[in-house]
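These figures come from a predicted structure and were not determined experimentally.
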Amino acid sequence: MTMIFGVPLAVFMGQLTLGLVNGAFYALLSLGLAVIFGLLKIVNFAHGAQYMLGAFAALLGFRYLGINYWLALILVPLVVGGFGMLMERFLLRRIAHLDHLYGLLLTFGLALIFEGTLVNFFGVSGARYTTPEALQGGMNLGFMFLPTYRAWVLVAALTMCLFTWFMIERTRLGAYLRAGTENSQLMQAFGVNVPLLITLTYGFGVALAAFAGVLAAPLYPVSPTMGSSLLIVVFAVVVIGGMGSILGAILTGLGMGVIEGLTKVYYPEASNTVIFLVMILVLMLRPAGLFGKEA
Amino acid sequence: MNTAEAYEANEATDTHSLEMLRVQDLHAFYGESHILHGVNFNVKRGELVTLLGRNGAGRSTTLKSIMNMVGRRTGSIVINGNETLHMKPHHIPRLGIGYCPEERGIFASLDVHENLLLPPTVRSGGMSLDEIYGMFPNLYERRKSQGTRLSGGEQQMLAMARILRTGARLLLLDEITEGLAPVIVQKLAEVLVQLKERGMTIVLVEQNFRFAAPLADRHFVMDHGQIVEEISAAQLPSRREHLNTMLGV
């Protein structure tokens, strides 16, 4: 059997895939956080809860309305994103002129309310969301067994990341967003409806989280707390990548997933902390993050 | 009827109205500080006027107040027949106004071409990209560069160029010659002459009086948040010495 540094190839590749899949979630979530932070300057602590809402919406939509996975993949981000826009319009906008810390507190409070409410109705144990039939099973690649759903998650998440990158870096709307991030007052003076741009941006960031939630539903137990445990890691990823670039958020997300996955192979005890160790190192060497712009 | 249509209708029916901008008893506040104390002036269509004065006299604040970029304003600002005091900031430029801020406001995350295309079109009849690149050949050569990698002069030209594309007919230009080499200041003067020939109305906040004097139809001197004097181009030669003492040059 082929060995890589004393580990069977199949185990190595298996963990690598697992790491990439986790990394894809980190990338999607940190991307949304970075987009929101860029324009609203709010650290969106509700991001994990919005990811969880995405997974729950998929689960409940299937259970009560018979909405299948593929439809959920489109509908849920729209619904949860729309809900996010309402949050921005009626709550976040009211405190936009205050210190950014208030935005953090408000979103954190909202996250607790969402989680608490769902715990009240569904408990914390979590429910299973059945993998859609077309994506069940797996492929034998010879050196490892690749579950189809994980491969799909990787492809779907990366496609969404690239779509987001394209929207922001290559379209006119994206140019508004980038410019608004730098100087929103001047954008208003050019006639751009910045408040609307802010609402749409927040909604888009939330929709990304909800999309990740739907992708995650068949993979992890759908429970009200599934987001809060993930969010801490995602914040570490954002700190490592820096707030400067969209591509940076994507690459850092994937990279951290892989590092975490490989740590599970070679030194499992550290797998939960390795990302935070990297974060400490990065903060010491490049305080603005790997892809961030030095202030 | 939205504001842009109101503007068009107004221009069509009101051809005898020559007034582009009328500012009356304008007070402006940043938080607790009262910056403008009753500013009064008007600008006719096709006119180029300057706001002169020492630093802190309230010239830039006057432009910002017109764009609704300050905290609180009272009084009246009529642009082409539309009272704008209670308009939202993003509706005001759609009356056909282009604003060029003192700090130029070139976006670092956009390249030169993107910076140029950024401001939305507010009216038809703006300059085409070819015309703009013809007027500013340097910008064409550097169109792929990051906006803030340009020299100060090139950035200033970019800040001017991008509002010419939008079809704005009233330009508010804040200190466009500040810190620039004489050859570039000369170029900007030529540009302003061309814009005037195109019928643009221009309000120029200027420190460099030698630059502004031959271009302007009228000069408004500001002090302590008020217009203290109006000097026409014809009066200028006789008032020059007086003006120099007032401006402290």
Side-chain angles (χ1 to χ4, degrees), chain A residues 31 34-41 89 93 96-99 164-201 241-250 288-289 291-295, chain B residues 2-4 7 31 60 63-71 84 87-123 126 146-148 159 162-168 170-174:
Chain A
L31 190 58
V35 170
I36 290 172
F37 182 81
L39 192 59
L40 283 80
K41 300 285 176 278
R89 180 64 188 80
R93 186 175 296 183
H97 60 285
L98 299 175
D99 190 284
T164 306
W165 174 84
F166 180 85
M167 285 292 289
I168 292 175
E169 298 291 339
R170 290 286 179 269
T171 67
R172 191 165 174 79
L173 192 65
Y176 283 177
L177 184 78
R178 278 177 286 149
T181 299
E182 276 187 59
N183 188 345
S184 59
Q185 209 190 18
L186 185 57
M187 289 301 283
Q188 298 240 64
F190 287 156
V192 175
N193 188 344
V194 172
L196 179 66
L197 189 65
I198 286 177
T199 305
L200 291 176
T201 302
M243 285 296 191
S245 97
I246 297 300
L247 218 50
I250 299 171
F291 297 89
K293 296 185 185 84
E294 300 283 345
Chain B
N2 69 29
T3 47
Y7 176 90
S60 293
L63 295 193
K64 284 192 173 142
S65 301
I66 294 170
M67 301 308 293
N68 193 358
M69 293 168 83
V70 297
T84 64
M87 275 190 191
K88 292 194 170 126
H90 62 268
H91 285 150
I92 292 172
R94 298 181 194 171
L95 295 170
I97 306 184
Y99 170 64
C100 181
E102 185 174 5
E103 69 284 356
R104 294 172 193 144
I106 300 303
F107 294 98
S109 55
L110 275 59
D111 67 26
V112 169
H113 195 71
E114 284 177 311
N115 263 290
L116 196 52
L117 293 179
L118 186 72
T121 305
V122 292
R123 288 194 66 209
Q146 186 192 338
T148 44
R162 68 181 171 192
I163 54 174
L164 302 180
R165 219 200 83 257
T166 64
L170 169 61
L171 305 182
L172 308 179
L173 310 179
D174 198 349

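Within a 6.0 Å sphere centred on NZ of A:K41, heavy atoms belonging to other residues, nucleotides or ligands number more than 12.
Counting heavy-atom pairs closer than 4.5 Å to chain A, the top residue among B:L172, B:L117, B:I97 is B:L117. Heavy-atom pairs under 4.5 Å with chain A were tallied for B:K64, B:K88, B:E114; the largest tally goes to B:E114. Between chain B and the residues A:V194, A:L186, A:N183, the most heavy-atom pairs under 4.5 angstrom are made by A:L186. Most heavy-atom pairs under 4.5 Å with chain A, from the set B:N115, B:L118, B:I92, B:L110: that is B:L118.
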Checklist line | Test log, rule side chain to side chain contact (heavy atoms under 4.5 Å, CB included), inputs B:L164 and B:L171 | finding: CA-CA 9 Å; B:L164 302 180; B:L171 305 182; 3.9 Å; yes

Margin query: If you apply the rule side chain to side chain contact (heavy atoms under 4.5 Å, CB included), what do you find for B:H91 with B:N68, and how did you get there?
Written below: CA-CA 10 Å; B:H91 285 150; B:N68 193 358; over 6 Å; no

Next item on the list: List the steps, then state whether side chain to side chain contact (heavy atoms under 4.5 Å, CB included) holds for B:R162 with B:L116.
Entry: CA-CA 5 Å; B:R162 68 181 171 192; B:L116 196 52; 4.0 Å; yes

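Panel note: side chain B:R123, backbone B:G167; no donor-acceptor pair is recorded below 3.5 Å. Side-chain N or O atoms of A:R178 include none that pairs as donor or acceptor with a backbone N or O of B:F107 at under 3.5 Å.
Neither the backbone nor the side chain of B:L63 comes within contact range of chain A; no heavy atoms are under 4.5 Å apart. Residue contact with chain A, scored on non-hydrogen atoms closer than 4.5 Å, involves the backbone and the side chain of B:M69 alike. Of the atoms belonging to B:A108, heavy atoms from both backbone and side chain fall under 4.5 Å from chain A. B:P101 touches chain A through its side chain: at least one heavy atom from C-beta onward sits under 4.5 Å away, while N, CA, C and O do not. Only the side chain of B:I163 comes within contact range of chain A, with at least one heavy atom under 4.5 Å from a heavy atom of that chain.
With A:P195 as the fixed residue, the side chain to side chain contact (heavy atoms under 4.5 Å, CB included) test singles out one of A:N193, A:L197, A:I198: A:N193.
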